[in-house]
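Okay, structure first, notes after.
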Amino acid sequence: MTIIQRHVLLEILKVFLLCLGITVLMMTVGGGVMEGMKRGLPPQVIASMLPYFVPEMLRYTLPGCILFAVCTVFGRMAATNEVTALKSAGINPMEVVWPVLIMTYFLSFFTFWVYDACAAWSRPNMHRIVAQSLDDTAYSLLRTQKSFSMGGFSVNVKAVEGRTLVQPYIHVQASESEPEITLTAQQARLQTDPETGILQIICRDGRVEMVGEGSFDFPDEFVHNIDQLGSVDVDEDHAAPAMLPLKKIPRQIRRERELLASALEHRENIQDYEPSEMHAHVERNIQRHEARVLRLQAERQRRLSNGFGCLCFAMVGIPVAMWWRSSDNLSTFFICFLPILAIYYPLLMVGENMARAGGYGPFPVWIADGVMLLFGIALFRRLNQH
């Protein structure tokens with residue numbers, strides 16, 4: 001690698017890392033705090049979640065930051081006639097371009113890895129923190145709003161004195177194992193089991209009404225567990241594919257295919273014997289399993305195509321920056337980014353929807369990358385001609 005190639009690559013890295021550090025810091029602190037406040041999380045819970053926001057922000061900022069870096073460096077080189085000087089010395093400008101493209105190629109795989117880090121590390125830990133802090137979250141909202149609602153569980157109180165709820169009215173929707181419950185008491189406390197994430201309601205002097213099963217009064221202590229709010233561990237069998245590490249997706253695909261085969265067999269067996277409601281229920285199960293299989297199959301390609309946005313953005317940003325010949329890096333960046341915003345991201349969403357709908361396999365997720373790469377190749381060819 002020549003001196004000029006190392007110089008350009010080093011300049012790209014300096015601008016990229018500086019932009020990445022500032023952007024991730026702003027988005028992690030600002031976005032994380034805003035998201036936590038919107039959910040009503042107490043400050044100590046928000047603070048403990050901030051480190052896990054970093055990979056989440058990285059996957060969004062890496063392509064944009066590499067675009068800003070190439071626009072800044074190559075735009076300045078073109079504006080100060082450094083590219084012209086290279087041509088005058090008999091050096092093809094592509095000689096300083098290809099090391100940058102190789103760097104963005106490997107950066108694309110790093111971005112792909114970041115997506116898996118989010119699924120394997122960030123999201124499970126954020127889920128665990130929220131699950132273990134349900135009582136703190138509920139108290140935070142009850143002190144300010146006198147009400148809290150989440151996942152079929154709601155509580156309204158007259159006042160909160162320390163950790164004691166004064167005259168709470170608690171409603172729990174029916175679950176697979178328990179009926180709908182309404183609970184009133186003179187006092188109550190909320191407590192989360194740190195091992196399981198199950199929320200406990202510890203009440204005194206109140207009344208429990210269970211729909212379809214009667215009611216009873218309790219003068220002393222009564223404990224009710226709320227387990228439908230989730231647990232510390234992510235339920236992998238029902239989680240969205242984006243929540244799953246790649247190594248666990250094949251098992252989920254096999255599981256869904258087995259459930260789908262069982263549902264199809266069940267549909268054949270009930271053709272002439274069951275009421276229409278049963279047919280509708282089975283059809284919904286079939287559609288749900290089919291949809292999840294398609295989403296699981298497309299997930300690896302979706303993450304990989306999103307990661308290769310780094311290479312695609314560089315392929316477009318470098319020739320446009322050379323043509324624009326402006327040392328104003330922000331204007332060059334927006335000249336590149338606005339078409340990307342108008343073309344790349346809509347095509348990305350269309351491709352993901354096509355992959356999830358089936359019929360074309362998982363490969364439609366590459367439509368946006370393909371269009372950007374072809375556009376970049378056309379720009380480079382035109383640049384070489386001139």
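None of the values given here were measured: they were computed from a predicted structure.
- Donor-acceptor pairing under 3.5 Å is lacking for the side chains of Arg59 and Thr111.
- A side-chain donor-acceptor contact under 3.5 Å links Thr104 to the backbone of Leu101.
- No side-chain donor-acceptor contact under 3.5 Å links Ser140 to the backbone of Asp136.
- Phe337 has its ring centre no less than 6.0 Å from the ring centre of Phe68.
- Contact check on Glu256 versus Arg254 returns no salt bridge, with no Lys/Arg side-chain nitrogen under 4.0 Å from an Asp/Glu carboxylate oxygen.
- Shown here for Leu50 and Val33, the closest heavy-atom pair between the two residues is CD2-N, 4.4 Å.
- Remark: the backbone N or O of Thr2 is paired with a side-chain donor or acceptor of Gln5 at under 3.5 angstrom.
- Here the shortest heavy-atom pairing between Pro99 and Leu9 reads O-CD1, 3.8 Å.
- A donor and an acceptor atom, one from each side chain of Glu82 and Thr80, are located under 3.5 Å apart.
- The ring pair (Phe, Tyr, Trp, His ring centres under 6.0 Å) check on Tyr139 picks up nothing, with sequence neighbours excluded.
- The environment of CE in Met26 is sparse: at most 12 heavy-atom neighbours from other residues, nucleotides or ligands sit within 6.0 Å.
- More than 12 heavy atoms of other residues, nucleotides or ligands lie within 6.0 Å of OH in Tyr345, so this atom counts as buried by the packing criterion.
- The number of heavy atoms from other shown groups lying within 6.0 Å of CZ (Arg300) does not exceed 12.
- Judged by distance alone, the side chain of Ser48 and the main-chain N or O of Val45 form a donor-acceptor pair under 3.5 Å.
- Taken together through direct or relayed side-chain contacts under 4.5 Å among Ile, Leu, Val, Met, Phe, Trp and Tyr, Phe106 and Val73 form part of one hydrophobic cluster.
- Between Asp135 and Gln191, the shortest heavy-atom distance links the atoms OD2-CA, 3.9 Å.
- In this structure, Arg292 contributes its side chain and Ala239 its backbone to a donor-acceptor pair below 3.5 Å.
- Taking every heavy atom of both residues into account, Phe218 and Arg207 meet most closely at CE2-N, 3.4 Å.
- Leu383 and Ile12 fall within the same hydrophobic cluster, where Ile, Leu, Val, Met, Phe, Trp and Tyr residues are linked whenever their side-chain heavy atoms come under 4.5 Å apart, directly or through other members.
- Ring geometry for His224 versus Phe222: interplanar angle under 30°, hence parallel rather than tilted (30 to 60°).
- Under a cut-off of 6.0 angstrom, the local environment of OH in Tyr360 is sparse, with at most 12 non-hydrogen atoms contributed by other residues, nucleotides or ligands.
- For Asp237 and Gln252, the side-chain atoms include at least one donor-acceptor pair closer than 3.5 Å.
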For a side-chain contact (heavy atoms from CB on, under 4.5 Å) check, start with the C-alpha distance between Tyr60 and Thr23, then their side-chain angles and the critical distance, and finish with the verdict.
CA-CA 10 Å; Tyr60 291 118; Thr23 307; over 6 Å; no
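- Looking at Thr28, its side chain never comes within 3.5 Å of a backbone N or O of Leu25 through a donor-acceptor pair.
- When all heavy atoms of Ala321 and Ala78 are compared, the closest pair comes out as O-CB, 4.0 Å.
- Between the OH atom in Tyr169 and the CG atom in Asn156 there is a gap of 8.5 Å [rounded to 0.5 Å].
- With no hydrogens or angles considered, no side-chain donor-acceptor pair links Asn285 and Arg267 at under 3.5 Å.
- With respect to the salt-bridge test (charged N to carboxylate O, under 4.0 angstrom), the residues Arg302 and Glu299 qualify.
- A distance-only check finds a donor-acceptor pair linking the side chain of Thr332 to the backbone of Asp328 [under 3.5 Å].
- Side-chain polar atoms of Asn306 and Arg303 form no donor-acceptor pair below 3.5 angstrom.
- How far SG of Cys19 is from CG of Asn329: 9.5 Å, rounded to the nearest 0.5 Å.
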Take Lys14 and Glu11 through the salt bridge (charged side-chain N to carboxylate O under 4.0 Å, His left out) test and state the conclusion after the steps.
CA-CA 5 Å; Lys14 287 195 295 187; Glu11 289 297 309; 3.0 Å; yes
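- Closest heavy-atom contact between Lys158 and Lys146: O-CE, 3.6 Å.
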List, one per line, each side-chain donor-acceptor pair under 3.5 Å for residues 361-379, sequence neighbours excluded.
residue, atom, partner, partner atom, Å
Trp366, NE1, Gln301, OE1, 2.8
Asp369, OD1, Tyr344, OH, 3.0

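- Without hydrogens or angle criteria, Asp116 side chain to Leu246 main chain gives a donor-acceptor distance under 3.5 Å.
- The CG atom of Leu20 sits 5.5 Å away from atom CG of Leu58, with the distance rounded to the nearest 0.5 Å.
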